[in-house]
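Okay, structure first, notes after.
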There are 2 protein chains.
Amino acid sequence: MSETTPSIIIADDHPLLLKGLSDFLIEKGYNLLGSGKDGREAYNLITQKKPDIAILDIQMPYMSGLEIAQQCKANALETKIVLITLHKEKELYQKAQELNIFGYILKEFALEEIETCIKNVTEGVPFFSEKIKELIGVVFMEDCNLNTLTPSEKKILKFIAQDKTNKEIASQLFISYRTVEKHRSNIITKLNIEPKTNSLLIWAKEHHEKLL
Amino acid sequence: MSETTPSIIIADDHPLLLKGLSDFLIEKGYNLLGSGKDGREAYNLITQKKPDIAILDIQMPYMSGLEIAQQCKANALETKIVLITLHKEKELYQKAQELNIFGYILKEFALEEIETCIKNVTEGVPFFSEKIKELIGVVFMEDCNLNTLTPSEKKILKFIAQDKTNKEIASQLFISYRTVEKHRSNIITKLNIEPKTNSLLIWAKEHHEKLL
DNA sequence: CTAAATTTACGTGTTTACACGTATTTCATA
DNA sequence: TATGAAATACGTGTAAACACGTAAATTTAG
């Protein structure tokens, strides 16, 4: 299959991590074409050097790893994207499918997993950290439900996550607080949230990243 | 002052970061005595090699950077502790004073800051990331209040942060739910939390790291 | 333009959170 | 042993969150 060493670019906004990854890849004899400290640099590197693989942090200034993946797909770039992150982002898995993302590595296990990942990806085989896969079961249900929410309901959810009371939300949206209550009730039903008094607030707090 | 290069040990549970830091220090010509991947290894390195400086991640398996600092102080070890972390932990600053911690670096700025930090610390001058200092104003008030809580109140707070209702907490602690309510009320008073219905839950959620 | 989905709104009732006061017991320690 | 802090518990009352049903206005899509 892969006779030649794959060309790689990397990007991470944490200088230490970038250095660690960079040194590691070089020591292992990979063909590292360059590295960037933010999303913009990463994207420029990809368009200019057209590497086989781009290993990107998810959270970076200017462009996230996800946005870069989107752009790459939109421009039909053949670079295979591997994301690397600290957090076990739950909703990422299905986005990965949509965006041609080939791999997902947790920083905690990076060293062990990175070589396997590069090997797989070079051969066109997607690679995902095991720890991620464990979460998928949970993921699917939650996010399918999230998509069933109407625009207004999502708007309400965002306010809830911002610690607003029904009345505050109502006055900010110029609607009756009863309406907000109804939305709230509907949201709870749609999301299958356990019937406890503050469960929606809790849910909103725990998933507020998804609402942005 | 410091004629010789200071001896250093480092520890971080993220292999990539450890490698990045390690390579960086070696390249810069520092006297790196060793590195560990968790708190236990770090502490052993400190007791055995007695380095001038120990650069430790805060969150590590077995022992946190903070716990190591505690042990060092208890055993009157002269190693100067520098903590390094991703998060802008708020309540850390005052603990740093108590535990003889000499430095605090954010990983985001590590490369730029690390040399300054080592230089300062070698000369006995504490070094803290500027970004941390910005937060101190907020910190003092919040954490002073946190320390005014009684053990029971802290216990209750932890339960609240775990999404428990008063009744659930009550039954788990074998006390009346009225007692829990009273504690709750007292906590709110002590912490100067704004008087809104779910403000305590919100507070607990936002500060749950501090409660562990 | 019509049908379906969404948004808006209210009524009624329950549960939980929280305020404020009071009072008893337990416990450490001066 | 005495004194005060902390933990325990209750009464009474208010406000907010949530359930469930109903229904009108509005928007969107076919």
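Proteins get letters first, then strands, A, B, ... in listed order; numbering begins at 1 in each.
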Checklist entry - Quick one: is B:K167 getting a side-chain N or O under 4.0 Å of the C:dT16 phosphate, OP1 or OP2? => result yes
Next on the checklist: It should be established whether A:T179 places a side-chain nitrogen or oxygen under 4.0 Å from OP1 or OP2 of nucleotide C:dT7.
Outcome noted: no
Next on the checklist: Looking at A:H183, I'd like to know whether one of its side-chain N or O atoms comes within less than 4.0 Å of OP1 or OP2 on C:dT7.
Outcome noted: no
Next on the checklist: For a 4.5 angstrom cut-off between non-hydrogen side-chain atoms, does B:K154 reach B:L149?
Outcome noted: yes
Item to check | Donor + acceptor pair across side chains of B:D52, B:S7 (<3.5 Å) | outcome: yes
Next on the checklist: Treating B:K190 as the side-chain partner and B:E153 as the backbone partner, does any N or O pair qualify as donor plus acceptor under 3.5 Å?
Outcome noted: no
Checklist entry - Between A:N198 and D:dA17, is there a side-chain N or O to OP1/OP2 distance below 4.0 Å? => result no
Item to check | Check: B:D38/B:Y43 side-chain N/O donor and acceptor closer than 3.5 Å | outcome: no
Next on the checklist: If the cut-off is 4.0 Å, is A:S176 near the phosphate of C:dC10, judged by side-chain N/O to OP1 or OP2?
Outcome noted: yes
Next on the checklist: What's the closest nucleotide to the side chain of B:I175 if the choices are D:dA9, C:dA19, D:dC20?
Outcome noted: D:dA9
Checklist entry - Touch check for A:K182, heavy atoms < 4.0 angstrom, all strands: base, sugar-phosphate only, or nothing? => result base
Checklist entry - So what does A:E181 hit on the nucleic acid, given a heavy-atom distance under 4.0 Å: a base, only sugar-phosphate, or nothing? => result base
Checklist entry - Quick one: is A:T197 getting a side-chain N or O under 4.0 Å of the C:dT15 phosphate, OP1 or OP2? => result no
Next on the checklist: What contact category does A:S199 fall into here, base, sugar-phosphate, or nothing, at under 4.0 angstrom with non-hydrogen atoms?
Outcome noted: sugar-phosphate
Next on the checklist: Taking only side-chain N and O atoms of B:T165, does any of them lie within less than 4.0 angstrom of OP1 or OP2 on C:dT16?
Outcome noted: no
Next on the checklist: I'd like to know if A:R178 reaches the base of C:dT12 with its side chain such that a donor and an acceptor end up less than 3.5 angstrom apart.
Outcome noted: yes
Checklist entry - Would one find a side-chain N or O of A:N166 under 4.0 angstrom from OP1 or OP2 of D:dA17? => result yes
